[in-house]
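Throughout, protein chains are lettered first and strands after them, A, B, ... in sequence-line order, and every chain is numbered starting at 1.
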Amino acid sequence: MSSASPPPGGGKVNWELWILRAVGVGVALYIVPRWVHFLSFLVSNSRRPSREEQQLVLRSLSILEDHARSKEASITHQITLEELGGIDEQDTAAGVEPVSGAREMPMAPFWTSGSSALSSAEVELYGRQLILPQLGVAGQVRLKESSVLVVGAGGLGSPVCLYLAAAGIGRLGIMDGDAVAMTNLHRQVIHNAARCGTNKAISAKQTCQHLNKQIRIDAHDTPLTPSVAERVVPQYDVLVDCTDNPAARYLLNDAAVLFNKPVVCGSALRWEGQLWVYNYRSGPCYRCLHPQPPHRLDQSGPEGLFNALSPGGGACDMEGVIGTAPGTIGVMQAMEVLKVCGGLGDHSIGASNRMVMYDGLDAEGPFRSIRLRTKRPTCAVCGDHPSISSLQDSPDDYIDMCPADLLPPLPPSAHVKPSQLASHLHRHPPSEANLSAPPRVPPILQDDNTYQQQVGGGDGGLGAVSVVDVRPSAHYAVSHVRHSLNLPIDQILSQSKEELLARLRGPRGNNRGAPPSPVSYVVVCRRGNDSRLAVSKLRDLFQEEADDDQGGGGEGGEGREEKGCTFLNLQGGLEAVRRNVEPTEAMPLV
Amino acid sequence: MKVHLEFSGGLELLFGKKKQLTLELDQETIGILPLIQHIRDHLLKERPELFVVGNSVRPGILVLINDCDWELEGGTESIVRDGDKICFISTLHGG
């Protein structure tokens, strides 16, 4: 039998098969010489591999193995973090701390890092800043070895904590005794709405720990007091003043001087902010710049009111503040801390003894820097013969300047309790006709400018009531007691008797030379301090008016009663009334 | 002489919300304290006690002469000359 059986198809040539065979031969012709060449190459090199070559191969294999293992470790690392889900509120409450062991990846044996002080995870996290030649690995290590206490986790503290945590300050302390409130969130961006009611230090720690798990963060959920300062301040290298009142600022200054810590100090209000670094490199301290604290003024005289009413001394809730003003200053505070801690102190504004001032509304030059005085030899705390040698026996008691203690005293009968006013307003909702509004609707809504609200008696002694709101007009514009009169405190203090009378009488006032009668003017503000000041002045003014009308009859306090007009102070202000309103949200206050 | 005045940190609220004012005086120079009294008497719009205590500025107000703390220029003894820029800055406490 011939092996070449005739192709199927009855002797007919199968062209396709032939073509395939031809191609096969062609390929073989191409490959075979190369095989021969390869075989001859093998033959010419046929010897045992040397010891070095063996080791090379083994080492390559081991590198491959290590690489695989590190890939695995990195995957495990990611899973661990994902399983942790970050450290959330419940975890922190339950005492869960970030896991530090899981993040270390095994280092490839052929690779060495510039410093053993930074882990590969840290190098990755801080890489973009540590390649800056001014900082470098050494600077980053300095940041890691630094500890910084941020006092106040509010508008300034928010950016300070965020940026310091992100930059890798090794130990961050955050101190605040307040709780997060909705009115904070437009500027205190480290917190969030879900954390309202949570302590700010704890809330700030949670946000920062989410941002960076490599650092240690300690929340000190307490206000700054002398004993707290004595216990906490020595634990840190640098202090950041993000407080919001003069008493805390003086206390922090004295603690900083006594424990020899530099302070990066910021403040902000309205559209402005100020920034400086004190007690640094033999420079001045806060008391050198402001030897006399506001609350050491004569508290019995009008000077005692300075802080309560001073243009710069007020608080954010009275003066107003744009969130980006403390934000801008806070970011710059963080920058100063990074320079002081990172070995770049020469570039700090503390080294040149300057204060940076920011005015967000100044189109020509929003930033300016001014040269400050040097250290005062006569300074009470950092001078040559300091009178303050301990926080406990300081001549200042660091009590926050509480305007209520400095305001003129009023007789008990000149006060209205918030519950009294709330119940009165509920029963007699102010309206043009005194009738219309349903009783349970909170009587707070902006309305018209008609305010001569006369309500019948029989409601716990208030009788006919007219509400005078002495808050700034911007506060009043947001919400107020319906038909109340807005007469801001600065106008009450500056205007003449006649002007005030005209305002009190209003468009519908009567024609007599005194406020309309009979009526009780309930004077209100947010917290009951400005209203107390206003009542004091109004009583004084219209006391005289009553005496004048009676030809100087010397009727004393009865003169006012005879006019049938009294000025009453709402104790605790509208905030206190709000606690008597359901639901509280229906009465927003700014 | 002409003196350029600047008010900030909220002090401008006491001067009709003007942050900058120019003052023309008949003399060649003026001491900083007499200048402060002049400002109080002629420019201040309201609540003088928030600007002046005794014969100087209220504690908490920084005085700058040509962008330098007045303590570097002689403090209350400083002499203001024609063309000088005097800033009054109320210290902020908000945070």
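Neither the backbone nor the side chain of Arg354(A) comes within less than 4.5 Å of any heavy atom in chain B. Neither the backbone nor the side chain of Tyr358(A) comes within contact range of chain B; no heavy atom of the residue lies under 4.5 Å from a heavy atom of that chain. Heavy-atom distances place the side chain of Leu62(B), and not its backbone, under 4.5 Å from chain A. Looking at Lys45(B), there are no atoms closer than 4.5 Å to chain A (heavy atoms on both sides), in backbone or side chain.
Counting non-hydrogen atoms of neighbouring residues, nucleotides and ligands closer than 6.0 angstrom, the CZ atom of Arg371(A) reaches no more than 12 such neighbours.
Chain B forms the most heavy-atom pairs under 4.5 Å with one residue out of Thr243(A), Asp362(A), Ile329(A), and that residue is Thr243(A).
Shown here are the ring-ring contact (aromatic ring centres under 6.0 Å, His included) partners of Tyr163(A), two or more places apart in sequence or in another chain: there are none.
Residue Thr29(B) holds its OG1 atom at 11.0 Å from CG of Leu35(B), rounded to the nearest 0.5 Å.
Only one option out of Phe15(B), Trp70(B), Phe51(B) pairs with Phe88(B) in a ring-ring contact (aromatic ring centres under 6.0 Å, His included); it is Phe51(B).
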Can I get a per-line list of side-chain donor-acceptor pairs under 3.5 Å for residues 36-43 of chain B, giving both atom names and the distance, sequence neighbours left out?
unit_1	atom_1	unit_2	atom_2	d
Gln37(B)	NE2	Asn55(B)	O	3.2
His38(B)	ND1	His42(B)	ND1	3.4
His42(B)	ND1	His38(B)	O	3.1

